[in-house]
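Small disclaimer: the values here were computed from a predicted structure and weren't measured. Atom set for the values below is all heavy atoms of this structure, side chains included, hydrogens, waters and symmetry mates excluded. Quick note: residue numbers are just sequence positions, from 1.
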Amino acid sequence: MSLSDHPKAYSSAAIVLAFTAGILVTLGFKDFYPDLETEFQRRRRNARRARTVDNGSRRRSSLFWGSAPVQLEDHESSLTAGPYSSSSSSSGGTLGTAAGIEACIGNTPLIRLQSLSEATGRTILAKAEFLNGAGNTPKDRVALNLIREAEAQGLLVPHRGDTIYEGTVGSTGISLATLARAKGYRAHICMPDDQGFEKSDLLLHLGATVERVAVAPITSPGHFVNLARRRASEHADVHRDGSQGFFANQFEAHANWQAHMMGTGPEIWEQTRGKVDAFVAGAGTGGTISGVARYLKEEAGAAHVKVVLADPQGSGLYNKIKHGVMYSPTEKEGTRRRQQVDSMVEGIGINRITENFEAGRDLIDDAVKVTDDQACRMARWLVENDGIFIGSSTAVNCVAAVVAAMALPEGSQVVTILCDSGTRHVSKFWKRIKELGLESSDETVPNLFAQLGLPALAAK
């Protein structure tokens with residue numbers, strides 16, 4: 001008797017066979033399914049990012065606004081080559097890994113400065129650029145972009161013996177020295193001898209050649225920037241081994257501000273979900289403030305964002321923004337030879353207009369002058385109230401952020417930059433803080449505005 005003679009028996013057997021086959025297929029698929037799911041999620045993220053880039057981050061659906069904030073990331077190439085990389089440099093990586101130290105640059109957190117936000121009634125956010133993984137400053141972005149631009153132009157060839165020369169007060173040199181070693185180059189850094197020894201010592205540990213030179217005006221051949229340029233031009237004749245010298249030229253090279261327009265600016269926009277009322281930053285080369293300003297106001301279309309320069313004493317940029325001249329109408333710009341010896345702040349403040357600053361100068365709306373005393377008091381305030389240990393340029397940024405915030409309506413959101421850790425400023429900046437007696441908690445004034453000598457702001 002066959003199963004066909006008994007329909008019920010035949011039907012039951014078919015069901016059993018189908019169920020068994022389903023189990024076998026599921027068991028065979030279980031190891032392959034996670035790869036399909038991972039690939040699906042990867043394609044979904046890339047499609048979403050492509051839409052964001054195409055729209056310039058200006059148009060978002062209600063679904064996007066209702067979701068959690070995201071960071072602008074390149075999920076294809078950033079896993080292996082870091083920010084701003086081309087697809088050709090991303091070979092050889094595997095999911096969940098990153099190829100080298102340059103992959104640790106960018107996508108830094110945007111954190112709320114609790115004590116400053118509470119004191120002002122405005123939200124003050126800070127981009128934690130000290131968490132960049134090469135030199136631990138915003139200059140990591142700049143150094144990487146400078147090197148990549150030079151490589152694209154054939155000015156640097158890895159492992160040929162080429163040397164990167166730069167004149168810097170420290171941070172850019174540290175970033176360049178770190179990335180030079182990682183990418184097969186040497187580094188030769190020229191810096192003024194009034195900078196903290198922590199920076200030059202670190203450069204030496206990183207294998208760079210360091211020349212500390214006497215402070216001189218930019219018109220002098222002995223100025224640290226001019227010396228680095230000369231060393232680069234002399235390289236081929238000195239070494240005669242086929243290697244080349246490359247002058248990074250951070251003050252004038254457009255790769256500087258472009259690094260921030262491509263990276264820092266988009267990250268801030270994404271992390272705030274487009275809610276930025278003011279951006280506050282100091283200027284040394286001018287790359288950060290120009291690059292971020294150009295992204296926010298031009299690329300993102302947020303013309304309402306107020307861009308504010310934070311300037312230390314001894315710098316001429318405050319007067320340039322506020323009054324249109326570097327010093328006074330009687331002094332011709334670019335001819336003054338007096339040196340900036342009246343400020344302990346390192347990394348920002350300058351008495352000339354660079355190409356990088358000029359790239360965004362017309363987008364800067366206001367400027368705040370910050371004294372050394374205010375910078376010291378802000379640095380101590382942030383340690384006492386937020387547990388954040390910062391350097392001098394960051395302190396200037398934070399003072400200016402407080403002043404800028406108080407000029408805006410309550411509830412506004414201000415973004416600034418945490419440039420580097422205080423560990424590179426112990427011998428100079430933090431020594432001065434100790435001399436002022438600020439390291440004793442008994443000397444710390446409990447009111448922020450009184451601490452900064454800005455009591456009039458408290459009433460706003």
Apply side-chain hydrogen bond (donor to acceptor under 3.5 Å, both in side chains) to E358 and list each qualifying residue two or more places apart in sequence or on a separate chain.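 Result, side-chain hydrogen bond (donor to acceptor under 3.5 Å, both in side chains) vs E358: R361.
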List in chain and number order the residues that pass side-chain hydrogen bond (donor to acceptor under 3.5 Å, both in side chains) with R432, two or more places apart in sequence or in another chain; answer none if no residue qualifies.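 Counting only residues at least two positions away or on another chain, R432 forms no side-chain hydrogen bond (donor to acceptor under 3.5 Å, both in side chains).
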Does R424 qualify as a cation-pi partner of F197, given the criterion of NZ or CZ under 6.0 Å from the six-membered ring centre and within 45 degrees of its axis?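 No cation-pi geometry.
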Cation over ring, R230 on Y165, under 6.0 Å and within 45°?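 No; the conditions do not both hold, so R230 does not lie above the ring face of Y165.
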If the test is side-chain contact (heavy atoms from CB on, under 4.5 Å), which one of T394, L113, V383 qualifies with I388?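 Testing each of T394, L113, V383 against I388, the sole residue satisfying side-chain contact (heavy atoms from CB on, under 4.5 Å) is L113.
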Result for side-chain contact (heavy atoms from CB on, under 4.5 Å) between M191 and one of L227, V213, L203, V169 points to L203
Can [X] and [Y] be counted as an ion pair, charged N to O under 4.0 angstrom?
X    : Y    : answer
R148 : E102 : yes
K275 : D277 : yes
D366 : K322 : yes
R141 : E267 : yes
R231 : E211 : yes
D386 : R112 : no

Please assess K428 against E198 for the test salt bridge (charged side-chain N to carboxylate O under 4.0 Å, His left out), listing each intermediate value before the final yes or no. CA-CA 10 Å; K428 185 178 177 182; E198 293 91 347; over 6 Å; no
Short question: side chain of K127, backbone of T108 - any donor-acceptor pair under 3.5 Å?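 Confirmed, K127 side chain pairs with T108 backbone.
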Tell me if a side-chain donor or acceptor on S393 pairs with a main-chain N or O of I348 at a distance below 3.5 Å.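 No, S393 side chain to I348 backbone: no donor-acceptor pair under 3.5 Å.
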Parallel, tilted or perpendicular: ring planes of F429 versus H425, cut at 30 and 60 degrees: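 Ring orientation of F429 relative to H425: perpendicular.
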Polar contact flag, side-chain donor to acceptor under 3.5 angstrom, N356-S290: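 No pair is found: no donor N or O on one side chain lies under 3.5 Å from an acceptor on the other.
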Any chance the rings of F357 and W257 have centres within less than 6.0 Å?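 Between W257 and F357, which both carry aromatic rings, the centre distance is not below 6.0 Å.
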Does atom NE2 of H205 have more than 12 heavy-atom neighbours from other groups under 6.0 Å away? no
Within a radius of less than 6.0 Å around CZ of R186, do more than 12 heavy atoms belonging to other residues, nucleotides or ligands occur?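 Open.
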Once rounded to the nearest 0.5 Å, what's the spacing between atom NE2 of H235 and atom CZ of F246?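 It comes to 13.0 Å.
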Please report the interatomic distance CE(M378) to CG(N397), rounded to the nearest 0.5 Å.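 Separation between the atoms: 10.5 Å.
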Stepwise, does the salt bridge (charged side-chain N to carboxylate O under 4.0 Å, His left out) test hold for R352 with E252? CA-CA 12 Å; R352 60 188 175 91; E252 313 301 334; 3.2 Å; yes
